[in-house]
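Working notes, beginning with the structure itself.
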Number of protein chains: 2
Amino acid sequence: MEARIRMQKLRERIMTADEAAGFIQDGMTLGISGFTRAGDAKAVPMALAERCKRTGEAMHIQLWTGASVAEEVDRVLAEAGIVSRRLPYQSDRLLRDAINRGDIMYTDQHLSLTVEMIRSGELGRLDVAIIEAVAITENGGIIPSTSVGNSPTFAAMADKVIIELNTRQSPLLEGMHDIYLPGPRPHREPLPLKEVNERIGTSYIPVDPDKIVGIVLTDRADHFVNMVSGDEETEMIARHLLDFFETQVKSGQMPPELYPLQSGVGAVSNAVLSGLKNASFKNLTMYSEVLQDAVFELLDSGVLAFASGCAITVTPEHATEVMQRLHEYRDKIILRPQEISNHPELIRRLGIIAMNTALEADIYGNVNSTHVCGTHIMNGIGGSGDFARNSLLSVFVTKSTAKNGQVSSIVPMVSHVDHTEHDVDILVTEQGLADLRGLAPRERSRLVIEQCAHPDYKDALLDYVERAELRGGQTPHVIEEALSWHQRFRETGSMRITEPEYV
Amino acid sequence: MEARIRMQKLRERIMTADEAAGFIQDGMTLGISGFTRAGDAKAVPMALAERCKRTGEAMHIQLWTGASVAEEVDRVLAEAGIVSRRLPYQSDRLLRDAINRGDIMYTDQHLSLTVEMIRSGELGRLDVAIIEAVAITENGGIIPSTSVGNSPTFAAMADKVIIELNTRQSPLLEGMHDIYLPGPRPHREPLPLKEVNERIGTSYIPVDPDKIVGIVLTDRADHFVNMVSGDEETEMIARHLLDFFETQVKSGQMPPELYPLQSGVGAVSNAVLSGLKNASFKNLTMYSEVLQDAVFELLDSGVLAFASGCAITVTPEHATEVMQRLHEYRDKIILRPQEISNHPELIRRLGIIAMNTALEADIYGNVNSTHVCGTHIMNGIGGSGDFARNSLLSVFVTKSTAKNGQVSSIVPMVSHVDHTEHDVDILVTEQGLADLRGLAPRERSRLVIEQCAHPDYKDALLDYVERAELRGGQTPHVIEEALSWHQRFRETGSMRITEPEYV
Ligand SMILES: CC(C)(COP(=O)(O)OP(=O)(O)OC[C@H]1O[C@@H](n2cnc3c(N)ncnc32)[C@H](O)[C@@H]1OP(=O)(O)O)[C@@H](O)C(=O)NCCC(=O)NCCS
Ligand SMILES: CC(C)(COP(=O)(O)OP(=O)(O)OC[C@H]1O[C@@H](n2cnc3c(N)ncnc32)[C@H](O)[C@@H]1OP(=O)(O)O)[C@@H](O)C(=O)NCCC(=O)NCCS
């Protein structure tokens, strides 16, 4: 324990999760560590939910995290009916349902922005931060575990800090983090980071030790989930994209090591990364958020030279191996606060190639990544907006159909816009790749239909475009029909047109 | 002339506009100086249009500028049928019509991005740059006139450079520009700018003198246009916003000198700035694109201490005075390349308050700034996306109705999205101000209707929301009705519901 809690006086603050949960009262705002189910503080939230179930006390809290967190937090707290407000990202089915019912107010935010808003007081005060750590330094500094997320700012801004010291997490994680907090605006210094593998901060999260009111010992593992594995379609998407990169390199538009890569969450993203294994690239770098399975395979094979991220999220089958071999990855990985991994300043400076996933895209290249049929949220915008707007190249991938082919992911008009046509350079489905750079909307529509739409829907899309163009405009639409595909899906369970509706 | 063209050998390249236009051939791409009708190169484009009319020769060029340019360029070239492709912004009625007819391919871009795309070769090569100057230095460097725009990159990337030396433009402009070009990615240095009034570059645009193929002498004035003057409604918008700023300062959320202000184009923006005259603020700063009339009034009265911009665009009635008193403004104004005025890195670092104009906004706070009824473009997204995404506070203003009250600017769903709810913090109409920060969509809708909608449309909007919420979702919609207000306007000339449509 001395090796894990190096500041003597803090050892006196060891307590049970129940005791620590005692600091949490109705009406409070909690900031809990965790990013893509890595490094969440789990013990205290579970104890809190237990307590509320037991006592039946009224409890409504606001819950802030880095990004999505495991069942032990989001599901358990939502199930207990404790969460009244949630931000900035989630991906739990049960929580999602509560949000879509309107039971929980969910503020879906650009992941780089939450801490700016907290610091400038726009979101109200933060009562308690609960942060998972692998160790506490001589000065009371927190060594985070498998993610950094928003924890540095939570620690700085919270009235009280509770640390979950997780002895299951590898002590080798120490030294892999780089904690840097930008100064106040408008007199902020430039962020000094110039290379993906550069360190600009400390290995620990600085915190006033007097604010640490409790330390809870735990050995609960990260609750990683198995990923839907790649299939033929995701492999084709990867193939199209890799071919494109190879062509760019051949034509001299991109250097052989490409530009630093960002890769979003989900099965398709992971497949694209996996595809790199068989491509001819070497010494690539990543400047991304979550480091998934494929990242470690690519580091092993030398395709990837370095990966900067905000969290390590690997599937259960890989987790043990990755954690055992952490010493091999220590000089190839840096974990940063999400404010830094997603910072517009750095994304623009480094010239990131951003690869994110769409639920649907429209013929003009606008992208919906969040709202099924325009209303029901899936996860949230996450960091995709930070990256897509400020990157050197913004790629969106999606399968051309969903729901067994009943839904076309290429539609006349997306039912919700997360990314406008200005932020979508390349669109890829298993059908092909559309390079939309420099094109006007009337050119984009033809190319998207030709390259990306599923053959079953091509004619209907072309017919739409042709009739829309008769009405004119920079971005032609038949306005009363623009969302009819979604309406049809809602009413009939399919976007397919069974009878001609335009005669 | 020696004072204006200080490199001797370049004096030999003085020629007529006709001769200079001779360098331009069918199929070429032209990069012409100019930003919001300031500092456009006008003589050569006019000569080119003249020539084509005279000879009837086939001529199709791609036209790149900084932002909108005067009639002498956009109208004249469009009228002559010469332009086949245009980017990144325009605001000419005739050109707009040609674009909406589909005769000209218009690529509407974030204003900070065009030069990044040019440098990385994504837009193809630039044949000829035509740049207005007030002088040429000993090294052949170009001293631009009333705007900087994209000219530094045009000069660097073009095969040939033509300079229009405009003797009508004040020589006092020399020294007011600050030209800085970021290095190549991914190994770019941080932009050193930390304060609005800091200089980080040179006073001239560096260019290889051997590329200067012609110098045309001209004395044609900038073709500024009169602005629709403010009215009662724009004044009320300004009042709501200034009250909000005052409250923010009182509560300690903002410093007394606020944060650096960006203010978009148009009558409403100018009215908001004008309104500052009568507010209690002192020593404000601006970090914006275009410096309009109100900026000079505010500098005179001491409300504004400094203004950084990309162009000086004043109405004809103020132009003479401003230009005559330029010596008084020299140490209070810096003109920068639009890449720098709009740079995400700097917008985020400086903590800009961005104020831009919406054509329409929806109940959830998504904003359409460009497409009338979702199809016909007005101007373009301009710099509004650079600012709204990366600012400290993003404000959008609009009157609550348009077209004599037949159009509600607050609609169930915008017909085109330029700015998503994530990038819209504050929405203001003459009816009131909605502070949307930290709210979930179901909260945003109630507040937007209550604060911003016109009384004539409030009931119908509320009715929509209530019925939509019955269907559920994070962002409830009645999808088949979401765009029906636009459809109704298209069909009946009004968004008003004359008979109940839902019975
Ligand atoms: C968009 C996103 C949900 C896709 O995730 P994924 O795992 O690759 O996608 P899948 O193809 O498995 O689809 C997920 C679900 O959406 C459904 N779906 C996909 N496309 C759809 C469409 N066009 N219409 C309706 N439903 C659709 C699928 O059927 C599936 O539903 P199910 O869970 O009920 O089976 C995910 O990438 C995301 O949340 N992105 C936004 C945040 C982000 O980009 N973060 C990256 C930086 S943090
Ligand atoms: C949005 C924008 C067009 C508003 O300009 P403005 O001069 O303040 O606005 P106005 O109220 O005069 O409206 C302009 C026109 O749009 C029409 N209009 C306004 N709202 C409308 C609506 N909801 N539906 C249809 N038409 C509408 C007006 O009737 C007017 O039409 P007219 O020219 O035929 O008379 C302008 O600010 C713009 O182009 N913005 C995008 C670029 C930008 O933000 N740049 C800033 C950083 S560069």
Side-chain angles (χ1 to χ4, degrees), chain A residues 99-102 105-107 109-110 117 120-123 185-186 188-192 194 253 259-260 344-345 348-351 366 371 373-377 381 385 389-390 392 415-418 420 422 437-440 442-443 469 471-477 479-480 482-483 486-487 490, chain B residues 99-102 105-107 109-110 117 120-123 185-186 188-192 194 253 259-260 344-345 348-351 366 371 373-377 381 385 389-390 392 415-418 420 422 437-440 442-443 469 471-477 479-480 482-483 486-487 490:
Chain A
I99 289 168
N100 282 322
R101 276 198 311 273
M105 292 296 108
Y106 174 45
T107 310
Q109 295 182 316
H110 298 306
M117 294 188 77
S120 55
E122 292 166 278
L123 299 176
R185 296 179 286 179
R188 180 179 283 178
E189 293 292 312
L191 301 183
K194 291 189 285 185
Q253 281 224 353
Y259 289 96
E345 173 168 342
R348 181 73 168 251
R349 180 184 303 153
L350 295 168
N366 299 287
H371 282 69
C373 288
T375 55
H376 285 63
I377 201 154
I381 195 164
R389 174 72 46 93
N390 297 308
L392 180 142
S415 55
H416 177 93
V417 177
D418 292 301
T420 73
H422 310 286
R437 292 173 295 173
L439 298 185
R442 283 175 188 239
E443 298 168 303
E469 285 176 1
R471 292 200 183 170
Q474 159 83 346
T475 306
H477 273 297
I479 199 81
E480 67 275 20
L483 298 174
H486 302 87
Q487 183 186 347
R490 190 173 179 278
Chain B
I99 290 168
N100 282 322
R101 276 197 311 273
M105 293 296 108
Y106 174 46
T107 310
Q109 296 182 316
H110 298 306
M117 295 189 77
S120 55
E122 292 167 276
L123 299 177
R185 296 180 285 180
R188 179 179 285 178
E189 294 292 313
L191 302 184
K194 291 190 285 187
Q253 281 223 353
Y259 289 96
E345 173 168 342
R348 180 72 167 251
R349 180 184 304 153
L350 295 169
N366 299 287
H371 282 68
C373 287
T375 55
H376 285 63
I377 202 155
I381 194 164
R389 175 69 48 92
N390 297 309
L392 181 144
S415 55
H416 178 92
V417 177
D418 293 300
T420 74
H422 310 286
R437 291 173 296 173
L439 299 185
R442 283 176 189 239
E443 298 168 303
E469 285 177 2
R471 292 200 183 170
Q474 159 84 347
T475 306
H477 273 297
I479 199 80
E480 67 275 20
L483 297 175
H486 301 86
Q487 182 186 346
R490 192 174 176 277

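Below, all heavy atoms of this structure are taken into account, side chains as well, without hydrogens, waters or symmetry copies. Being a predicted model, the structure only gives us computed values, none of them experimental. Chain identifiers are assigned alphabetically (A, B, ...) following the order of the sequence lines, protein sequences preceding nucleic acid strands; residue numbering begins at 1 within each chain.
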Measuring from atom [atom1] of [X] to atom [atom2] of [Y], what distance do you get when rounded to the nearest 0.5 angstrom?
X	Y	atom1	atom2	answer
A/Leu392	B/Glu122	CG	CD	6.0 Å
B/Thr107	A/Glu443	OG1	CD	6.5 Å
B/His477	A/Cys373	NE2	SG	12.5 Å
B/Arg349	A/Glu189	CZ	CD	8.5 Å
A/Arg188	B/Leu350	CZ	CG	10.0 Å

Worksheet item: Between B/Asn390, B/Asn366, B/Ile99, B/Leu191, which has the largest tally of heavy atom pairs under 4.5 Å with chain A?
Response: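 Max contact count across the listed options: B/Asn390.
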Worksheet entry | Heavy-atom pairs under 4.5 Å with chain A, option from B/Glu480, B/Gln109, B/Arg437, B/Met117 with the top count |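 Option with the greatest count: B/Arg437.
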Worksheet item: A/Leu483 versus B/Leu483: any side-chain heavy-atom pair under 4.5 Å?
Response: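 Side-chain contact under 4.5 Å: yes.
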Discussion item. If you count heavy-atom pairs within less than 4.5 Å of chain B, which of A/Arg348, A/His486, A/Arg471 leads?
Written reply: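 So the answer, after comparing A/Arg348, A/His486, A/Arg471, is A/Arg348.
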Practice prompt. Find the one option among A/Pro190, A/Gly351, A/Gly438 whose heavy-atom pairs under 4.5 Å with chain B are most numerous.
Written response: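 Heavy-atom pair counts peak at A/Pro190.
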Got a donor-acceptor contact below 3.5 angstrom from the [X] side chain to the [Y] backbone?
X	Y	answer
B/Arg101	A/Gly472	no
B/Gln474	A/Thr375	no
A/Gln253	B/Gly121	yes
A/Arg490	B/Ile479	no

Worksheet entry | Segment of A/Ser120 engaging chain B (4.5 angstrom heavy-atom cut-off) |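 It is the backbone, since no side chain atom gets that close.
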Fill in: Contacting region of A/Met105 [heavy-atom separation from chain B under 4.5 Å]
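Answer is both: backbone and side chain atoms of A/Met105 are under 4.5 Å from chain B.
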Worksheet item: Relative to chain A, which segment of B/Pro260 carries a heavy atom at a distance below 4.5 Å: side chain, backbone, both, or neither?
Response: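 For B/Pro260, the side chain is the part near chain A, not the backbone.
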Worksheet item: Measuring heavy-atom distances to chain A, does B/Glu469 have an atom under 4.5 Å in its side chain, in its backbone, in both, or in neither?
Response: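 Neither part; nothing is under 4.5 Å.
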Worksheet entry | Non-neighbouring partners of A/Arg442 that pass side chain to side chain donor-acceptor pair (under 3.5 Å), sequence neighbours left out |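 Residues passing side chain to side chain donor-acceptor pair (under 3.5 Å) with A/Arg442: none at all.
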Discussion item. Taking side-chain hydrogen bond (donor to acceptor under 3.5 Å, both in side chains) as the criterion, tell me which of A/His376, A/His416, A/His371 meets it with B/Thr475.
Written reply: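 That would be A/His371.
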Worksheet item: For B/Pro186 and A/Tyr259, which heavy atoms make the closest approach, and how far apart are they?
Response: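 The answer is CD-CE2, 3.7 Å.
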Practice prompt. Taking all non-hydrogen atoms of both residues into account, name the closest pair between A/Gly385 and B/Arg389 and its distance.
Written response: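 Heavy-atom minimum between the residues: O-NH1, 2.7 Å.
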Discussion item. The criterion is side-chain contact (heavy atoms from CB on, under 4.5 Å); which residues satisfy it with A/His422, sequence neighbours excluded?
Written reply: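 A/His422: side-chain contact (heavy atoms from CB on, under 4.5 Å) contacts with A/Thr420, B/Asp108, B/His110, B/Ile381, B/Asp418.
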